[in-house]
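Keep in mind that the numbers below use all heavy atoms, side chains included, and drop hydrogens, waters and symmetry copies. Numbers here simply count residues along the sequence, with the first being 1. As the structure lists them, so they are numbered: ligands from 1, and atoms in each ligand from 1.
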Amino acid sequence: MYVCLCHAITDTQIRQAVSQGDTSLKEVRQRLGVGDQCGKCTRMAMQIIQQQLDVE
Ligand code: FES
């Protein structure tokens with residue numbers, strides 16, 4: 001599903017970023033740009049990052 005509509009970023013892309021070593025919203029933002037426009041997606045993005053960190 002789309003998490004960040006401004007950049008058309010999906011939860012899968014965010015999970016992959018964590019799998020590739022990102023451990024924070026800041027790092028995922030640097031890699032994908034998630035949350036750097038309207039910011040509405042940041043809460044959801046942080047939840048997905050935390051979920052993925054918990055399973056890895
Ligand atoms: Fe992600 Fe706007 S929806 S920055």
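Residue Val34 comes nearest to Ala45 through the heavy atom pair CG2-CB, 4.1 Å, listed as atom of the first residue, atom of the second, then distance. Minimum heavy-atom separation, Ile49 to Leu25: CD1-CA, 3.7 Å.
Atom numbering of ligand 1 starts at 1 in the shown order; those under 4.0 Å from a heavy atom of Gln37 are 4 (S). Taking every non-hydrogen atom of Cys41 and a distance limit under 4.0 Å, the qualifying atoms of ligand 1 come out as 1 (Fe), 3 (S), 4 (S). The Cys6 neighbourhood of ligand 1 comprises atoms 2 (Fe), 3 (S), 4 (S), with distances under 4.0 Å to a heavy atom of that residue. Residue-ligand proximity, Cys4 to ligand 1, at heavy-atom distances under 4.0 Å covers atoms 1 (Fe), 3 (S), 4 (S). Near Gly39, with a cut-off below 4.0 Å to any heavy atom, the atoms of ligand 1 are 2 (Fe), 4 (S). Each of the following atoms of ligand 1 lies closer than 4.0 Å to a heavy atom of Cys38: 2 (Fe), 3 (S), 4 (S).
Taking a cutoff of 4.0 Å between a charged side-chain nitrogen and a carboxylate oxygen, Arg29 and Asp36 do not qualify as a salt bridge.
Atom OH of Tyr2 sits about 13.5 Å away from atom NE2 of His7, to the nearest 0.5 Å. Here Ile48 contributes atom CD1 and Met1 contributes atom CE; the two are 4.5 Å apart, rounded to the nearest 0.5 Å.
Ligand 1 lies less than 4.0 angstrom from a heavy atom belonging to Leu5.
Arg15 pairs in a side-chain hydrogen bond (donor to acceptor under 3.5 Å, both in side chains) with only one of the listed residues (Gln20, Glu56, Gln51), which is Gln51.
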